[in-house]
Amino acid sequence: MKITVENGKMIVPDNPTIPYIVGDGIGKDITPVALKVFDAAVEKAFGGKKKIEWMKILAGEEAIEKKGEPLPQETIDTIREYTVAIKGPLTTPVGGGYRSLNVTLRQVLDLFVCLRPVKYLKGVPSPMKHPELLDIVVFRENTEDVYAGIEWPYDTAEAAEVRNFLKNKMNVKLRDDSGIGIKPISVFGSERIGRAAIDYALKYGRKSVTVVHKGNIMKYTEGLFKNVIYALADAPEYKDKVVTEERVTKEFGGKVPEGKIVLKNRIADAMFQQLLLRPSEYDIIVTPNLNGDYLSDAAAAQVGGLGMAPGGNINFNTHVALFEATHGSAPKHAGKNEVNPSSLILSGAEMFQYLGWDKVKYMIIDAIEKTIAQKYVTYDLARQIEGATKVSTSEFGDRIIENLEA
């Protein structure tokens with residue numbers, strides 16, 4: 001049955017149909033394992049009363065082979081029709097004018113939030129002394145900033161025309177060999193992701209939302225992003241639930257009023273050291289596209305790398321969502337049954353929470369932690385854990401299933 005949306009709320013049947021994309025490269029190794037874990041977890045959690053009906057759809061290399069194009073319109077329409085989907089990593093073909101398939105999916109479906117939860121799982125090797133202190137969710141804007149992709153090569157007529165306009169009409173000094181790029185950030189885009197981040201914090205009992213930006217330099221793009229989201233603290237629906245960090249200091253003696261979340265802001269470069277030195281002070285992070293890209297990857301490195309990092313792309317207004325592994329397709333490892341499937345499995349765990357099946361999420365996380373504690377891990381973790389037994393992708397998945405407990 002289809003997941004539907006009624007009166008702004010997602011209606012999830014007991015046997016929802018969820019489209020999935022196998023993915024390229026190691027997608028063929030990790031996706032079948034992940035689906036097997038998902039089915040076992042749902043069965044264990046609900047005793048057979050709920051079940052996912054999987055629907056395979058095509059994108060990437062398999063789509064080129066069977067449909068003659070990397071991203072068929074049918075695939076886009078199916079994700080939109082069935083509301084929630086999941087995918088393995090996709091390789092964008094080199095040459096031929098293809099855009100990134102991942103970016104295209106996010107933009108054509110208007111999945112304006114790239115959701116990147118970063119939390120330490122017990123037993124995972126980490127370069128940090130206390131990786132367990134990091135527990136954040138990054139809300140990265142998916143449709144504006146550098147993803148808008150407005151650029152002209154330095155030696156084109158278009159670039160020359162823009163340079164001349166800026167020089168002659170705006171009195172801006174530019175070198176004649178400058179490439180030109182435009183970085184759009186709108187009030188509309190900033191407000192909707194700000195609302196999504198605050199609503200998420202309120203729904204899941206998080207303590208703060210931090211806007212990460214470079215507004216000290218880019219005042220009318222990233223500065224706009226910060227100002228628009230900060231203004232939400234005074235919106236009628238939030239003013240009794242949200243308080244800015246500045247008000248906490250000036251009006252409440254540095255103590256957050258009970259029942260309220262704190263709205264903070266940090267300059268992007270300073271935020272890097274903050275996550276390293278004071279990770280426990282941050283919770284939900286909302287940021288424009290480029291900042292969110294490197295910040296979420298850097299945070300993932302603190303808890304074991306992208307192989308342990310889930311992700312999803314969500315429109316919290318239409319409820320359409322596409323969950324995905326956050327790493328690439330790693331073709332040199334493809335078909336060897338050796339890579340870590342945790343990123344895709346954890347992305348599925350986030351998908352289950354999105355469906356309202358929270359129990360499944362926490363069962364999966366608990367089973368992964370037990371498996372790592374038993375030191376039965378894939379090669380990427382085995383080489384860092386003393387006394388570990390190196391297992392294949394499929395063996396790792398089977399061990400997770402054995403460790404599932406309701």
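Heavy atoms only: backbone and side chains are in, while hydrogens, waters and symmetry mates are out.
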request  = Might you confirm whether atom CD of E161 has over 12 heavy atoms from other residues, nucleotides or ligands at distances under 6.0 Å?
outcome  = no
request  = Supply the atom-to-atom distance I401 CD1 to E43 CD, rounded to the nearest 0.5 angstrom.
outcome  = 11.5 Å
query = Taking the side chain from E222 and the backbone from K214, do they hold a donor-acceptor pair closer than 3.5 Å?
reply = yes
query = Between R399 and E395, is there a salt bridge with N-O shorter than 4.0 Å?
reply = no
request  = Give a yes or no answer on whether the side chain of Q353 reaches the backbone of A349 with a donor-acceptor pair at less than 3.5 Å.
outcome  = no
Residues which pass ring pair (Phe, Tyr, Trp, His ring centres under 6.0 Å) with F252, listed by chain and number, not counting sequence neighbours = none
request  = With sequence neighbours excluded, tell me which residues meet side chain to side chain donor-acceptor pair (under 3.5 Å) with E62.
outcome  = K56, K66
ask   = Taking all atoms of both residues into account, what is the closest heavy-atom pair of D297 and R116, and its distance?
value = OD1-NH2, 3.1 Å
request  = With the side chain counted from C-beta on, respond yes when K87 and L105 share a heavy-atom pair under 4.5 Å apart, and no when they do not.
outcome  = yes
request  = Using a 4.5 Å cut-off on heavy atoms from C-beta on, say whether the side chain of M308 contacts that of S342.
outcome  = yes
task = Using a strict cut-off of less than 4.0 Å between a Lys/Arg side-chain nitrogen and an Asp/Glu carboxylate oxygen, indicate whether K44 and E405 qualify as a salt bridge.
result = no
remark   = Output for pair (N265 CG, I229 CD1), nearest 0.5 Å, gives 10.0 Å
Whether Y354 side chain and H319 backbone form a donor-acceptor pair below 3.5 Å = yes
request  = Please confirm whether K49 makes a cation-pi placement over F46, using NZ or CZ under 6.0 Å from the six-membered ring centre and within 45° of the ring normal.
outcome  = no
inquiry  = Tell me which one of T143, V113, V228 satisfies side-chain contact (heavy atoms from CB on, under 4.5 Å) with R192.
reply    = T143
remark   = Heavy-atom closest pair (A197 atom, V209 atom, distance to 0.1 Å) is O-CG2, 4.0 Å
query = Got a donor-acceptor contact below 3.5 angstrom from the N289 side chain to the V146 backbone?
reply = no
remark   = By salt bridge (Lys or Arg N to Asp or Glu O under 4.0 Å), D199 pairs with (sequence neighbours left out) none
note = Sorted by chain and number, sequence neighbours left out, ring pair (Phe, Tyr, Trp, His ring centres under 6.0 Å) with Y282 holds for none
Please table the atom pairs, donor to acceptor, closer than 3.5 Å between any side-chain atom in residues 1-16 and protein atoms at least two apart or in another chain.
unit_1 : atom_1 : unit_2 : atom_2 : d
K2     : NZ     : E81    : OE2    : 2.2

request  = Could you grab the distance from atom CD1 of I182 to atom CG of D145, nearest 0.5 Å is fine?
outcome  = 13.0 Å
query = Got a sec, which residues hit ring pair (Phe, Tyr, Trp, His ring centres under 6.0 Å) with Y362, two or more places apart in sequence or on another chain?
reply = none
note = When every non-hydrogen atom of G23 is compared with those of L90, the smallest separation belongs to CA-CD2, 3.9 Å
note = Between I30 and P89, the two heavy atoms sitting closest are CD1-CD, 4.0 Å
task = Please indicate whether Y376 has more than 12 foreign heavy atoms, meaning atoms of other residues, nucleotides or ligands, lying under 6.0 Å from its OH.
result = no
key: R80 bridged to D77 by N-O distance under 4.0 Å   = yes
ask   = Is there a donor-acceptor pair under 3.5 Å between the side chain of S329 and the backbone N or O of G25?
value = no
note = Output for pair (T371 OG1, L404 CG), nearest 0.5 Å, gives 8.0 Å
inquiry  = When you compare the side chain of L355 with that of F352, does any pair of heavy atoms fall below 4.5 Å?
reply    = yes
query = Less than 4.0 Å between a side-chain N and a carboxylate O, is that true for E281 and R266?
reply = no
query = Are side-chain heavy atoms of P117 and K119 found at a separation under 4.5 Å?
reply = no
task = Inspect the surroundings of NZ in K36 and state if more than 12 heavy atoms from other residues, nucleotides or ligands are less than 6.0 Å away.
result = no
query = Under 3.5 Å, side chain of D24 to main-chain N/O of T91, donor-acceptor pair present?
reply = yes
ask   = Does E144 reach the main-chain N or O of S186 with its side chain, forming a donor-acceptor pair under 3.5 Å?
value = yes
query = When you measure from the side chain of K375 to the backbone N and O of I372, does any donor-acceptor pair fall under 3.5 Å?
reply = no
note = All heavy atoms of P32 vs all of G27, minimum pair found to be CD-O, 3.8 Å
ask   = Within a strict 4.5 Å, meaning less than it, do heavy atoms of the D283 and I261 side chains meet?
value = no
inquiry  = Is it true that, when you exclude K67 itself, more than 12 heavy atoms of the residues, nucleotides or ligands shown sit nearer than 6.0 Å to its NZ?
reply    = no
query = Does a sphere of radius 6.0 Å around CD in Q73 hold more than 12 heavy atoms from other residues, nucleotides or ligands, not counting ones at 6.0 Å or beyond?
reply = yes
message = Can you tell me if E74 has over 12 outside heavy atoms packed within less than 6.0 Å of its CD?
response = no
message = Just so I know, are the side chains of D135 and R206 near enough to count as touching, which here means a heavy-atom distance under 4.5 Å?
response = yes
key: Intermediate values then yes/no, side-chain contact (heavy atoms from CB on, under 4.5 Å), N315 and L111   = CA-CA 5 Å; N315 184 317; L111 305 177; 4.2 Å; yes
key: N313 and C114: CA distance, side-chain angles, deciding distance, side-chain contact (heavy atoms from CB on, under 4.5 Å) verdict   = CA-CA 5 Å; N313 302 283; C114 180; 3.8 Å; yes
message = Under a 3.5 Å distance rule, please check whether T393 uses its side chain to pair with a backbone N or O of V339 as donor and acceptor.
response = yes
message = In the structure I gave you, are the side-chain heavy atoms of Q302 and Y120 within less than 4.5 Å of one another anywhere?
response = no
query = Under a 4.0 Å N-O cut-off, is there an ion pair linking K336 with D29?
reply = no
task = Give a yes or no on this: more than 12 heavy atoms of other residues, nucleotides or ligands lie within 6.0 Å of atom NZ of K50.
result = yes
ask   = With a cut-off of under 6.0 Å to the ring centre and 45° to the axis, is R175 in cation-pi contact with Y154?
value = no
request  = Answer yes if the side chains of E246 and Y230 hold a donor-acceptor pair under 3.5 Å, and no otherwise.
outcome  = yes
inquiry  = As an exercise, state the distance from CG of L232 to CG of L263, rounded to the nearest 0.5 Å.
reply    = 8.0 Å
ask   = For the side chain of T75 and the backbone of L71, is there at least one donor-acceptor N/O pair under 3.5 Å apart?
value = no
task = Give a yes or no on whether the ring-centroid distance for H333 and Y379 is below 6.0 angstrom.
result = yes
request  = Indicate the ring-plane relationship of W54 and Y20, choosing parallel, tilted or perpendicular according to the 30° and 60° boundaries.
outcome  = perpendicular
inquiry  = Does Y82 form a side-chain contact (heavy atoms from CB on, under 4.5 Å) with I57? I'd like the steps, not just the answer.
reply    = CA-CA 12 Å; Y82 286 85; I57 56 178; over 6 Å; no
ask   = Taking atom NE2 of H327 and atom CD of E324, what is their separation to the nearest 0.5 Å?
value = 10.0 Å
remark   = For H213 and N291 the tightest heavy-atom approach is CA-ND2, 3.7 Å
key: From CA spacing to verdict: side-chain contact (heavy atoms from CB on, under 4.5 Å), S343, L306   = CA-CA 7 Å; S343 177; L306 291 179; over 6 Å; no
